[in-house]
Amino acid sequence: MTDDPTGAVAPLSLADVTATLEGAYPLSWAEPWDRVGLVVGERSAPVRRVLLAVDPTLAVTREAIDAKADLLITHHPLLLRGASFLPADDGKGAVVTALIRAGVGLWCGHTNVDRSTRGTVGAWRRLLELQQARPLMPGEECAAAEHGSQRFGLGVVGELPEPTTVGALTRHLASAVPRTARGILHTGDADRTVRTVAVCPGAGDSFLEAATASGADVYITSDLRHHPALEHIEAAADPSAVPALIDVPHAASEALWLPLGAELLAAAHPQLEVRISEQITDPWGGRAG
C-alpha cells in the first residue's frame, strides 16, 4: 500500500492483505499435505471488505458476494484433495466460478493457522484461560512470526485456572462455540474432576496416545470415531488412568479462530472492513431421538 501525492491513502491490494495473513500464519507452518494460501484472485486487485468463514461452501461464497466482499478468507481449503475439473454445475466448480465472476478472492489458512498462537490453538488457549501451556506433541518447534504470532503446535496442554468437572466443562464449551444440531458429547462420569486439559482443534483422534501421555484429565477434539474412542476409554481398568473425551463438532471447534483473524486484520489495516460469516457449515442439520 502506498500514498498518492494528494495525501490520500491508496486502497489495499489483495497482495497487501495476504501478506499480513502469511506474515502471521506462514505457509511453511502448514503440514506437507495441506493446501493453503491464495486460491483465487488477482494480487493487484483492491480490497476494501473481507469475510472470514470456516468453510468455502457455496452458501458462504454467496454470502461474501452479497456482502460485496473483495476477499473471502476460510480456514478449510477448497481444493484440499485436488480437482481435475471445475465445471460450474459441480459444487467446487460453482464456488470458483461464482468467485471469479464476482471478482472475489479466496485465501485459505488451515494447519498453518491451527498451530499459531493467533490461530485455532491460540483461540482455545484464550477460551480456557490455560496456564503453563505447552504443545500437545513433544518436540513441536516453536518459532516467532509477525504480528505477535508464534508457532506453537497442532494441540495444546495446560492447566485450568480453577478445577471443574467434565460435565461443567462440556456445558461451558456448548455455550462458547457455534450451536449445532448434534451438540457436544463427552465420555464417562460427568462429575469427574478436571484440572489439566489437552486440546486439538479439528480432527484429533490420531493424538489420543499423546493426550494420555500428557497427563491430561480430559482431551477435547473433534471427529472422534467409534473404535478409536472406545479403545481409548477401555485402555485401562481404571477409567481415571486415561483422559475423558469431549467431542466438539469440527467446524464449531475451529470457528473460535475467526475473531482472532478478524482482530489481526483490523489492527494491521484499520481502513479494512472485516466481517465474520453468519453461516453454520456443520453438515448436520437435524437430529431425532
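Closest non-hydrogen pair, Gly155 versus Val121, comes out as C-CG2, 4.0 Å. Between His76 and Pro56, the shortest heavy-atom distance links the atoms O-CD, 3.2 Å. Nearest heavy-atom pair across Thr193 and Asp217 is O-CB, 3.9 Å. Annotation for Leu260 and Gly122: closest pair CD2-C, 4.2 Å, computed over non-hydrogen atoms. Residues Pro249 and Thr180 share a closest heavy-atom pair of CG-OG1, 3.3 Å. In terms of heavy-atom proximity, Leu38 sits nearest to Glu22 at N-OE2, 4.4 Å.
The side-chain heavy atoms of Asp90 and Phe85, taken from C-beta on, include no pair separated by under 4.5 Å. Side chains of Pro259 and Ile276 form a contact here, defined as non-hydrogen atoms less than 4.5 Å apart. With a 4.5 Å cut-off on side-chain heavy atoms, Leu173 and Ile246 count as touching. Two residues are said to be in side-chain contact when any heavy atoms from C-beta on lie closer than 4.5 Å; Leu136 and Leu154 fail this criterion. Residues Ile184 and Val177 are in side-chain contact: their nearest non-hydrogen atoms beyond the backbone lie under 4.5 Å apart. Looking at heavy atoms from C-beta onward, Pro163 lies out of side-chain contact with Val194 at the 4.5 angstrom threshold. Here the side chains of Thr20 and His147 are in contact, with some heavy-atom distance below 4.5 Å.
Under the 4.5 Å side-chain contact rule for hydrophobic residues, Leu58 and Leu80 do not share a cluster. Note on Val95 and Val40: same hydrophobic cluster, where clusters join Ile, Leu, Val, Met, Phe, Trp and Tyr whose side-chain heavy atoms are under 4.5 Å apart, directly or indirectly. Trp124 and Leu258 fall into different hydrophobic clusters, where Ile, Leu, Val, Met, Phe, Trp and Tyr residues are linked whenever their side-chain heavy atoms come under 4.5 Å apart, directly or through other members. Residue Leu128 is not grouped with residue Val157 when hydrophobic side chains (ILVMFWY) are merged at heavy-atom distances under 4.5 angstrom, including chains of intermediate members. Taking hydrophobic clusters as Ile, Leu, Val, Met, Phe, Trp and Tyr residues chained together by side-chain heavy-atom distances below 4.5 Å, Val113 does not share a cluster with Leu127.
For the pair Asp238 (side chain) and Ser240 (backbone), a donor-acceptor distance under 3.5 Å is present. Judged by distance alone, with hydrogens and angles left aside, the side-chain atoms of Thr97 form no donor-acceptor pair with the main-chain N or O of Ala94 at under 3.5 Å. Between the Arg48 side chain and the Leu272 main chain, no donor and acceptor come within less than 3.5 Å of each other. Remark: the backbone N or O of Thr57 is paired with a side-chain donor or acceptor of Thr61 at under 3.5 angstrom. Side-chain atoms of Thr117 come within 3.5 Å of backbone atoms of Gln150 as a donor-acceptor pair (strictly under, hydrogens ignored). Looking at Asp282, its side chain never comes within 3.5 Å of a backbone N or O of Ile280 through a donor-acceptor pair. Listed for the Asp247 side chain is a donor-acceptor partner under 3.5 Å among the backbone atoms of Leu224. Remark: the backbone N or O of His172 is paired with a side-chain donor or acceptor of Ser175 at under 3.5 angstrom. Although no hydrogens or angles enter the test, the distance criterion places a donor-acceptor pair under 3.5 Å between the side chain of Thr221 and the main chain of Cys200. A side-chain donor-acceptor contact under 3.5 Å links Thr187 to the backbone of Leu245.
Under 3.5 Å, the side chains of Glu254 and Thr120 contain no donor-acceptor pair of N or O atoms. Looking only at atom types and distance, the side chain of His227 has no donor-acceptor partner in the side chain of His232 under 3.5 Å away. The closest side-chain donor-acceptor pair between Thr111 and Asp114, if any, does not fall under 3.5 angstrom. Under 3.5 Å, the side chains of Asp55 and Thr281 contain a donor-acceptor pair of N or O atoms. For Ser13 and Ser44, the side-chain atoms include no donor-acceptor pair closer than 3.5 Å.
In this pair, Trp257 and Tyr25 present their aromatic rings perpendicular. The plane angle is above 60°, beyond the 30 to 60° band.
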Report task. Please lay out, stage by stage, how Leu72 and Val60 fare under the test side chain to side chain contact (heavy atoms under 4.5 Å, CB included). Result -> CA-CA 9 Å; Leu72 172 60; Val60 167; 3.7 Å; yes

Requested in this report: Tell me, with the steps shown, if Arg134 and Glu159 meet salt bridge (charged side-chain N to carboxylate O under 4.0 Å, His left out).
Outcome: CA-CA 10 Å; Arg134 56 195 184 276; Glu159 312 302 318; 3.7 Å; yes

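Salt bridge absent: Glu162 and Arg195 never bring a charged side-chain N and a carboxylate O closer than 4.0 Å. In summary, Glu273 and Lys68 do not engage in a salt bridge, as defined by a charged side-chain N under 4.0 Å from a carboxylate O. Between Arg62 and Glu278, none of the side-chain N atoms (NZ, or NE/NH1/NH2) sits under 4.0 Å from a carboxylate O, so this pair counts as no salt bridge. Checked for salt-bridge contact, Arg115 and Glu31 meet the test: a charged N lies under 4.0 Å from a carboxylate O.
Heavy atoms of other residues, nucleotides or ligands lying less than 6.0 angstrom from CD of Gln131 number more than 12. Residue Arg179 qualifies as open at atom CZ: its count of foreign heavy atoms under 6.0 Å is 12 or below.
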